[in-house]
Amino acid sequence: MRKFTTMMTAAAALLAAGTATKAADVEVLHWWTSGGEAAALNVLKEDLESQGIGWQDMPVAGGGGTQAMTVLRARVTSGNPPTAVQMLGFDITDWAQEGALADLNILAGMEGWDDVVPEALQKFSKYDGKWVAAPVNVHSTNWVWANKAVLDELGIAPPQTWDEFVAALEKVKASGKTAIAHGGQAWQEATVFDAVVLSTGGPEFYNKVFVDLDEEALGSDTMKQAFDRMAVIRSYVDDNFSGRDWNLSSAMVINGDAAFQMMGDWAKGEFLNAGKQPDTDFLCFRFPGTEGKVTFLSDQFALFAQGPEVGKEQAALAAAIMSPNFQSAFNVVKGSVPARTDVSDEAFDACGKKGIADLKAAAASGNLVGSMAHGHANPAAIKNAMYDVITAHFNGEYDSETAVEELVNAVQINK
Ligand code: GAL
């Protein structure tokens with residue numbers, strides 16, 4: 001009983017103090033630098049400002065967050081960690097293992113996070129029974145974004161199967177437009193590979209190769225078929241794809257220069273930021289062969305320990321992120337869906353409503369898998385080794401047989 005009252009008073013003091021006295025700023029390291037991402041981040045900044053908490057921005061450009069994690073390591077090594085960091089999956093576990101993250105259990109207990117955050121996310125939000133990060137959303141990677149006018153003009157319906165997809169790509173190419181808008185960066189190829197592997201082998205195979213790192217499955221004909229399909233996709237991108245940022249590929253579809261982009265639903269944030277509407281200007285559908293299945297990831301904010309207790313501004317930031325109203329307002333703009341399971345889909349557009357329904361159905365039917373490309377299937381060392389093989393193959397350095405061999409080797413070396 002005594003322990004509980006101290007916890008409650010501490011928690012109340014934590015939150016109240018944030019508003020009473022002039023709070024310090026929170027310095028937040030993140031990689032949300034595109035137009036749509038910045039618009040979503042403004043929702044959080046304004047929410048905190050309304051509580052008298054200032055925002056010190058620490059943006060590190062580079063989709064997928066690889067560059068941000070490198071900058072973070074340097075900051076921590078120099079003894080100057082930021083207050084909070086946007087972080088994904090196994091990276092949170094790695095930092096928690098190092099004892100670098102603040103314990104959010106008091107706040108989580110007070111606000112009942114255990115009851116509203118799905119198990120699949122808690123696996124990464126908690127370490128050793130402690131909440132060490134606050135999940136702001138659930139993104140998924142197995143989406144295709146299409147320009148509606150281009151498809152209508154060519155009489156193309158959203159393809160449901162691989163063969164229908166190839167036929168649609170061929171039709172667009174024959175019309176002289178770019179079939180696939182793609183950005184040639186390893187994390188973007190890996191993001192496409194998430195969907196291609198799921199489509200080719202199904203969720204069981206996906207987990208065998210990316211979670212269990214099963215060598216037989218990694219070296220299988222199914223994996224070769226997945227690489228063969230990546231090569232087909234490569235044949236439908238434009239000549240200038242190399243190095244292009246993901247949001248510039250979204251712009252090609254927004255402008256009607258290209259028909260399709262395969263990308264996580266952060267891409268929707270770019271369409272909305274350009275004033276485009278689902279089903280009017282653009283279409284969203286699951287990568288052919290993955291309808292009913294979801295490759296998920298969650299952006300979480302990990303709070304770096306600044307002392308024995310979580311700071312009051314840190315607690316206020318975490319509480320703001322986990323508030324149901326905020327989770328609706330933020331995700332409507334960001335393109336993702338709420339991490340909390342008790343947030344209504346009322347404010348979401350057709351793609352958002354589909355994302356929320358798909359996530360629920362996939363979780364219930366065993367069709368929810370962690371995105372390999374965004375650190376929810378295996379730790380960074382394995383993920384980065386897989387990136388190297390996938391992008392080398394996509395850029396023609398390996399044929400599919402060699403890519404399969406290299407993938408098995410890469411996992412053996414980094415396991
Ligand atoms: C992901 C992140 C998303 C999105 C994307 C592109 O890793 O989870 O929120 O912003 O990178 O930068």
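Being a predicted model, the structure only gives us computed values, none of them experimental. Just follow the structure's listing: the first ligand is 1, and inside any ligand the first atom is 1.
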So is Trp187 polar-close to ligand 1, meaning N/O to N/O under 3.5 Å?
no
Closest non-hydrogen protein atom to atom 8 (O) of ligand 1, residue and atom name please, with distance?
Asp299 OD1, 2.7 Å
To check you understand the geometry: which heavy-atom pair defines the closest contact between Leu317 and Ala84, and what is its length?
CD2-CB, 3.4 Å
Pair Lys126 + Asp114: basic N to acidic O under 4.0 Å:
yes
So is Gly64 in contact with ligand 1, going by heavy-atom distances below 4.0 Å?
yes
Does CD belonging to Glu98 count more than 12 external heavy atoms closer than 6.0 Å?
yes
Using heavy atoms and a threshold below 4.0 Å, how should the contact between Asn137 and ligand 1 be classified: side chain, backbone, both, or neither?
neither
Verify, without hydrogens or angle tests, whether Asn273 (side chain) and Gly269 (backbone) share a donor-acceptor contact under 3.5 angstrom.
no
Atom 7 (O) of ligand 1 has as its nearest protein heavy atom His374 ND1, 2.9 Å
Do you know which of Met386, Lys383, His376 makes side-chain contact (heavy atoms from CB on, under 4.5 Å) with Phe210?
Met386
Assess, by modelled atom type and distance only, whether the side chains of Asp194 and Thr295 contain a donor and an acceptor separated by less than 3.5 Å.
no
At what distance is the nearest protein heavy atom to atom 10 (O) of ligand 1, and which residue and atom is it?
Glu37 OE2, 2.4 Å
Residue Leu297 vicinity, atoms of ligand 1 by number, heavy atom under 4.0 Å
8 (O)
Which atoms of ligand 1 have any heavy atom of Leu88 under 4.0 Å away?
7 (O), 8 (O)
